[in-house]
Engineer: 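Before I ask anything, here is the structure I am working with.
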There are 2 protein chains.
Amino acid sequence: MTVTIYDVAREAGVSMATVSRVVNNNPNVKPQTRKKVFEAIERLGYRPNAVARGLASKKTTTVGVVIPDISNAIFAEVARGIEDIANMYHYNIILCNADKRKDKEIRVVNTLLEKQVDGLLFMGGTVTDDHLQAFKTANVPIVLCATTDEHGTMPAVDIDHEAAAYDAVKALIEQGHRSIAMISGTLQDPANGYARFQGYKRALEDAGIAYDESYVRVGNYRYESGVDAMKYFLELPKRPSAVFSATDEMAIGAVHSIQDFGLKVPEDISVMSVDNTRMASMVRPKLSTVAQPMYDIGAVSMRLLTKLMKKENVEQARVILPHELISRQSVRAL
Amino acid sequence: MTVTIYDVAREAGVSMATVSRVVNNNPNVKPQTRKKVFEAIERLGYRPNAVARGLASKKTTTVGVVIPDISNAIFAEVARGIEDIANMYHYNIILCNADKRKDKEIRVVNTLLEKQVDGLLFMGGTVTDDHLQAFKTANVPIVLCATTDEHGTMPAVDIDHEAAAYDAVKALIEQGHRSIAMISGTLQDPANGYARFQGYKRALEDAGIAYDESYVRVGNYRYESGVDAMKYFLELPKRPSAVFSATDEMAIGAVHSIQDFGLKVPEDISVMSVDNTRMASMVRPKLSTVAQPMYDIGAVSMRLLTKLMKKENVEQARVILPHELISRQSVRAL
DNA sequence: CTGTTAGCGCATTCAC
DNA sequence: GTGAATGCGCTAACAG
């Protein structure tokens, strides 16, 4: 049925060891023998069995990646960065959605480990001690991707969410805004939620603006929650002059909310967000936002992982990629 | 170093066969023995080696999926559908981007096959004879996903792109439009390109409207190409009263092009598209569009694959999922 | 219900 | 340069 290395050996009149050598590009084979073997391979349509190879060599050339949700544009972009670099280094990736649910995350980490992946890229919600516990049983490198653990003990690549938010709000302040509302993610989410909220607060503080609880609404990152949050702000006795949103999508919801209310962006209310997804420049007005290099986060973390897997020593196992303020049309000076 | 089934056997005072049985939930084990084994597993922190299992059982419980580009929202949605169902049936998926490039597609199919995947989901551009050739060497089931081969010989799940486009244009016609332009995808693309263009033409024909070449522009599915195509139409001596776009994204570009030109959607020009991505309802005016059930395409194709892998007999190996016209705000009656 | 015995297809010493 | 032998960790008959 399936043709093995044995069949090729017989066909070529050599030993299986020799076939193995040519398949693995081992230089210690006479060119003529190599040729014979290649011909036999061709004739038989031999295809190496990577599973057998994996068992014998203890390497699978595949890495596991756990991701919250591949249908989310942000993560899909990271995934593409991961896959491109993985491909470049001849790794394949096993992709698992875990929806930021701790139980599911830990479960998939374990099945990935059972599959003997050579390394793991973890992208999730909070990294708890239970996660760390599961990671510890792995004897392959693991790097956190767009996620960090509070202890800061694991290799990771991310951006500085707090600083990104800070910069966004600071930009608003520099444009003369003093009453700035925020549409936040859930505060349970350490990166997209809590950290960005902290950045907002710190920017306010540094500018001597009093923090006002009624100026903060928590959304779920989605368009609709942006709409709802903004509706709330619009009905406040003292409307904010600017709104900072933790994601582009909620920002777009906010813009539409404002427009439906009969006001204009940015003439009446400015809107600023974080992400710079493709959508940000596909709406009118185009969104001013802080760009996060999602593709790069994926690419860099995968690159880091390859180094770890090859046991090369890395100087910097925790890297923070720079963010960048992109000024477009949704903010105006007061 | 790594603890094997042998170690567990010794620890539990049973044979490796018994350990294998409990790990694989074989009922033929006395509860008490089972308990002993579980305890040994726990104590030793044993984790089954799926690679070894794969070699011995000739099943890997992983399927390969080749996809054009995971960072494209459309495909990411399909991928999510695939993964959800895969997960449900305890399969993992190896994800490979192939950018609709034939050489890359064939290459990844081969490496996926080397990895002994139990099945393959193929999502790509044109399925050529070379593809078919590569597929033929596989001795695992393969199903095409959001793609079909012209010969119609392979299992596949897709929507009827021609009919979807036809229905979209017909809806425009029923609203009284007679001069309808189209922003098409490349005609080399059999599904999103050629088929939708054919649907457009047929709808015109059926309504007795003459086909006008200058009313068709080919885009690349992206926002900017929608902007450009629309600019062209706007400068025509006789402007169309409606525009049909092969994708949401180009449609949004068209809308903005129209607005920038000083006209209104749908008051001055109606816009209709195909896709119904999340974005369609995140722009103003909300896009009227023909919905494609991308998630379902992924889910159904994965479900079909599981049946094929289990050698269940399937009545219908080629399934066309229904599309649906979603009327929102970008079309008005003439 | 449980143990023994063979492989699964290949990489990898170790000889020659 | 090349071949023979061994084992990777597990499943799957086959006995008992």
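Quick note on labels: first sequence line is chain A, next is B, and so on, each numbered from 1. Fair warning: this is a prediction, and the values are worked out from it, not measured in the lab.
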Engineer: Could you check B:Asp84 against B:Tyr295 for side chain to side chain donor-acceptor pair (under 3.5 Å), going step by step and ending with a plain yes or no?
Structural biologist: CA-CA 10 Å; B:Asp84 279 355; B:Tyr295 180 93; 2.5 Å; yes
Engineer: Please determine if A:Asp99 and B:Arg80 form a salt bridge, counting it only when a charged side-chain N lies under 4.0 Å from a carboxylate O.
Structural biologist: yes
Engineer: Mind checking if B:Val14 touches a base, just sugar-phosphate, or nothing, with heavy atoms under 4.0 Å?
Structural biologist: sugar-phosphate
Engineer: Salt bridge or not for B:Asp189 and B:Lys100, using N-O below 4.0 Å?
Structural biologist: yes
Engineer: Tell me whether the side-chain N or O atoms of A:Arg34 pair up with the base of D:dG1 as donor and acceptor below 3.5 Å, since no angle test is needed here.
Structural biologist: no
Engineer: Roughly how many Å is it from CZ in A:Arg10 to C1' in D:dG3, rounded to a whole number?
Structural biologist: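 Taking atom C1' of D:dG3 as the reference, CZ of A:Arg10 is at 16 Å.
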Engineer: With the threshold set at 4.0 Å, does a side-chain nitrogen-carboxylate oxygen contact exist between B:Arg318 and B:Asp149?
Structural biologist: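 A salt bridge links B:Arg318 with B:Asp149.
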Engineer: Using whole Å, what does the distance between atom P of nucleotide C:dT13 and atom CG of A:Asn28 come to?
Structural biologist: 13 Å
Engineer: Given side-chain contact (heavy atoms from CB on, under 4.5 Å), test B:Phe38 with B:Glu42 step by step and report yes or no.
Structural biologist: CA-CA 6 Å; B:Phe38 272 133; B:Glu42 186 69 22; over 6 Å; no
Engineer: Please report, rounded to the nearest Å, how far the C1' atom of D:dA12 is from the NZ atom of B:Lys59.
Structural biologist: 11 Å
Engineer: Whether B:Ser20 contacts D:dT11 is assessed here as follows: a side-chain N or O lying under 4.0 Å from the phosphate OP1 or OP2. Is that the case?
Structural biologist: yes
Engineer: Detail all sub-3.5 Å separations between protein N/O atoms and N/O atoms belonging to nucleotides 6-9 of chain C.
Structural biologist:
residue, atom, partner, partner atom, Å
C:dC8, O3', B:Lys58, NZ, 3.3
C:dC8, O2, B:Ala56, N, 3.3
C:dG9, OP1, A:Thr2, OG1, 3.3
C:dG9, OP1, B:Lys58, NZ, 2.9
C:dG9, N2, A:Ala52, O, 3.4

Engineer: In this structure, how many angstroms lie between the P atom of C:dT13 and the CG atom of A:Asn26, rounded?
Structural biologist: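 Rounding to the nearest Å, CG of A:Asn26 and P of C:dT13 are 12 Å apart.
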Engineer: Any side-chain N or O of A:Thr33 less than 4.0 Å from the OP1 or OP2 oxygen of D:dT2?
Structural biologist: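 True: A:Thr33 side-chain N/O within range (under 4.0 Å) of D:dT2 OP1/OP2.
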Engineer: Can you measure B:Arg21 atom CZ to D:dT11 atom P for me and round it to whole angstrom units?
Structural biologist: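 From B:Arg21 CZ to D:dT11 P: 11 Å.
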Engineer: Between B:Asp69 and B:Ser71, does any side-chain donor sit less than 3.5 Å from a side-chain acceptor?
Structural biologist: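 Present: a donor and an acceptor within the cut-off.
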Engineer: So, A:Lys35 and A:Glu39, do they make that salt bridge, N to O below 4.0 Å?
Structural biologist: yes
Engineer: In this structure, how many angstroms lie between the C1' atom of D:dC10 and the CD atom of B:Gln116, rounded?
Structural biologist: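 Distance check: B:Gln116 CD to D:dC10 C1' gives 16 Å.
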Engineer: Does B:Thr18 place a side-chain N or O at less than 4.0 Å from the phosphate oxygens OP1/OP2 of C:dT2?
Structural biologist: no
